[in-house]
2 protein chains.
Amino acid sequence: MPPPDGRRVRGDRRRREILAATLRVVERDGVAGVSHRSVAREAGVPTTSTTYYYATLDELLIATLTWSAEEMAASFRQVSLTPAAVARFIADAAGPHRGRTLAEYELYLLAARRPELRAAARRWISLMAEVAGPRDPVALRAVLAGLDGLLIQALIADFPPMAEDLEPVVSLLMLGG
Amino acid sequence: MPPPDGRRVRGDRRRREILAATLRVVERDGVAGVSHRSVAREAGVPTTSTTYYYATLDELLIATLTWSAEEMAASFRQVSLTPAAVARFIADAAGPHRGRTLAEYELYLLAARRPELRAAARRWISLMAEVAGPRDPVALRAVLAGLDGLLIQALIADFPPMAEDLEPVVSLLMLGG
DNA sequence: AAACAAGTTGAACAGTTGTTCCACTAGTCT
DNA sequence: AGACTAGTGGAACAACTGTTCAACTTGTTT
């Protein structure tokens with residue numbers, strides 16, 4: 001809950017605008033395309049604004065990707081637990097929401113190099129665990145890995161897979177037959 | 001088979017040195033750390049050498065990652081098909097060979113943005129298909145996704161998982177129980 | 001021996017980068 | 001009213017980037 005302080009509130013808005021702009025840049029050009037200047041250009045603010053709120057590029061990246069994972073969590077919770085719904089979710093993630101999903105996966109991999117991002121990355125996994133439903137630890141791990149791999153393989157396919165094709169695979173992973 | 005031509009042979013050697021140096025840079029600093037100059041420094045050659053053999057940075061990256069996937073294929077074929085061996089492979093990939101595996105996964109994800117890398121990325125998948133052994137398409141896809149996800153999740157864990165912990169999960173994925 | 005292509009290299013180009021500095025405005029507190 | 005602080009933004013810094021150029025060496029072919 002932000003304080004009802006005039007100054008802070010104004011600052012927070014611009015903070016969010018910068019984060020949103022950064023995410024758009026990542027979606028469009030990948031993490032590689034993020035610079036203080038490219039983000040400032042995208043947000044329509046002077047370059048010094050981005051450095052004012054996020055002193056270093058690392059800080060900016062970490063804040064963006066953490067926030068983005070947090071934001072994605074909200075929409076994630078609305079997915080129901082049937083294999084068909086999960087298949088539809090993966091198909092959408094690799095199709096219409098491709099850019100966003102790609103950005104999210106770059107965070108995922110960046111977490112391998114930057115421990116600060118691990119929390120956000122694990123957030124992803126624990127959300128998938130909710131989707132997978134309760135089951136014993138070994139089976140849970142297998143399902144999570146399966147859904148994760150399905151998603152990433154969908155991203156590098158020449159054409160995004162269709163939900164109907166995904167459904168039997170998801171079903172096999174989630175129901176074990 | 002390279003021609004026994006003196007000039008070409010000498011050139012090819014330097015080509016390989018540059019590729020190897022690039023891979024080392026990717027392992028150490030990620031794709032983000034690759035520049036004509038950083039690679040040249042790593043290889044101990046002048047900057048113009050890297051541009052002579054690979055006119056653009058993209059060309060260099062694509063060549064390196066394609067070659068690296070091809071090279072990894074060799075060691076991959078030696079993995080036997082038992083769940084225990086696959087578990088050991090994953091544990092090693094996330095532990096001792098972490099840098100290399102990370103580099104390989106950055107290729108994997110880069111393929112999502114650059115179609116030129118898709119062939120190399122799919123090579124990965126088809127190699128895993130060999131490890132998985134023959135089975136019907138749906139089951140194969142589930143196993144491949146599972147192994148893929150297990151590997152990537154091992155990379156973002158705080159500590160690399162041990163083969164013993166991995167083994168039951170791999171077993172469940174491969175044998176379905 | 002001359003001609004040629006392949007390979008090698010230092011220097012330089014213009015453009016971009018992260019980051020810092022300083023002057024300025026606009027709200028808030030005393 | 002004056003002092004203070006958060007926020008704003010223009011200009012500049014040195015460092016680095018991808019890429020090109022022209023000069024040079026080397027090995028091979030005629």
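It should be emphasised that the depicted structure is a prediction, and the values quoted were computed from it without experimental measurement. Only this structure's heavy atoms are used, side chains among them; waters, hydrogens and symmetry mates stay out. Here is how names work: the chains are called A, B, and so on, in the same order as the sequence lines, proteins then strands, and each is numbered from 1.
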May I have the list of side-chain donor-acceptor pairs in residues 150-165 of chain B shorter than 3.5 Å, sequence neighbours left out?
{"from": "B:Gln153", "atom 1": "NE2", "to": "A:Asp148", "atom 2": "OD2", "distance (Å)": "3.0"}
{"from": "B:Asp158", "atom 1": "OD1", "to": "A:Arg118", "atom 2": "NH1", "distance (Å)": "3.0"}
{"from": "B:Asp158", "atom 1": "OD2", "to": "A:Arg122", "atom 2": "NH2", "distance (Å)": "3.2"}

Give the rounded distance in Å between these two atoms: [atom1] of [X] and [atom2] of [N].
X       : N      : atom1 : atom2 : answer
A:Asp29 : C:dT16 : CG    : P     : 14 Å
A:Tyr53 : D:dG9  : OH    : C1'   : 12 Å
B:Tyr54 : D:dT20 : OH    : C1'   : 20 Å
A:Arg13 : C:dA26 : CZ    : P     : 17 Å

Review item, side-chain donor-acceptor pairs of residues 22-32 of chain B, under 3.5 Å, at least two apart:
{"from": "B:Thr22", "atom 1": "OG1", "to": "B:Ile18", "atom 2": "O", "distance (Å)": "2.7"}
{"from": "B:Arg24", "atom 1": "NE", "to": "B:Glu42", "atom 2": "OE2", "distance (Å)": "2.6"}
{"from": "B:Arg24", "atom 1": "NH2", "to": "B:Glu42", "atom 2": "OE2", "distance (Å)": "3.4"}
{"from": "B:Arg28", "atom 1": "NH2", "to": "B:Glu42", "atom 2": "OE1", "distance (Å)": "2.2"}

Mind listing the closest non-hydrogen atom pair of A:Leu172 and B:Ala139 along with its distance?
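Looking at all heavy atoms of both residues, the shortest contact is CD2-CA, 3.6 Å.
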
Quick one: which of C:dA11, C:dT20, D:dG18 gets closest to the side chain of B:Leu57?
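Closest nucleotide to the B:Leu57 side chain: D:dG18.
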
Side chain of A:Tyr52 (C-beta onward), nearest among D:dG18, D:dG7, C:dT20:
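The listed nucleotide nearest to A:Tyr52's side chain is D:dG7.
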
Pair B:Glu106 + A:Arg113, salt bridge at N-O below 4.0 Å
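Counted as a salt bridge, because a side-chain N and a carboxylate O are separated by less than 4.0 Å.
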
Can you list the residues that meet the ring pair (Phe, Tyr, Trp, His ring centres under 6.0 Å) rule with A:Phe89, with sequence neighbours excluded?
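Here the qualifying residues are A:Phe76.
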
Going by ring pair (Phe, Tyr, Trp, His ring centres under 6.0 Å), name the residues that satisfy it together with B:Tyr105, two or more places apart in sequence or in a different chain.
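Testing B:Tyr105 for ring pair (Phe, Tyr, Trp, His ring centres under 6.0 Å), a comparison that skips the adjacent residues, returns B:Tyr108.
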
Does the side chain of A:Asp58 reach to within under 4.5 Å of the side chain of A:Arg114, using non-hydrogen atoms?
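A:Asp58 vs A:Arg114: side chains touch.
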
So, taking the atom named NE2 in A:His36 and the one named CG in A:Leu60, what distance separates them when rounded to the nearest 0.5 Å?
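Rounded to the nearest 0.5 Å, the NE2-CG separation comes out at 5.5 Å.
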
Give me the bend of the helix from C:dA1-D:dT30 to C:dT30-D:dA1, using the axes of the five pairs at each end, rounded to 10°.
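The helix from C:dA1-D:dT30 to C:dT30-D:dA1 shows an end-to-end axis angle of 0°.
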
Could you list by number each residue of residues 32-46 of chain B showing a heavy-atom separation from DNA chain C of less than 4.0 Å, or answer none if no residue does?
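Those residues are B:Arg37, B:Pro46.
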
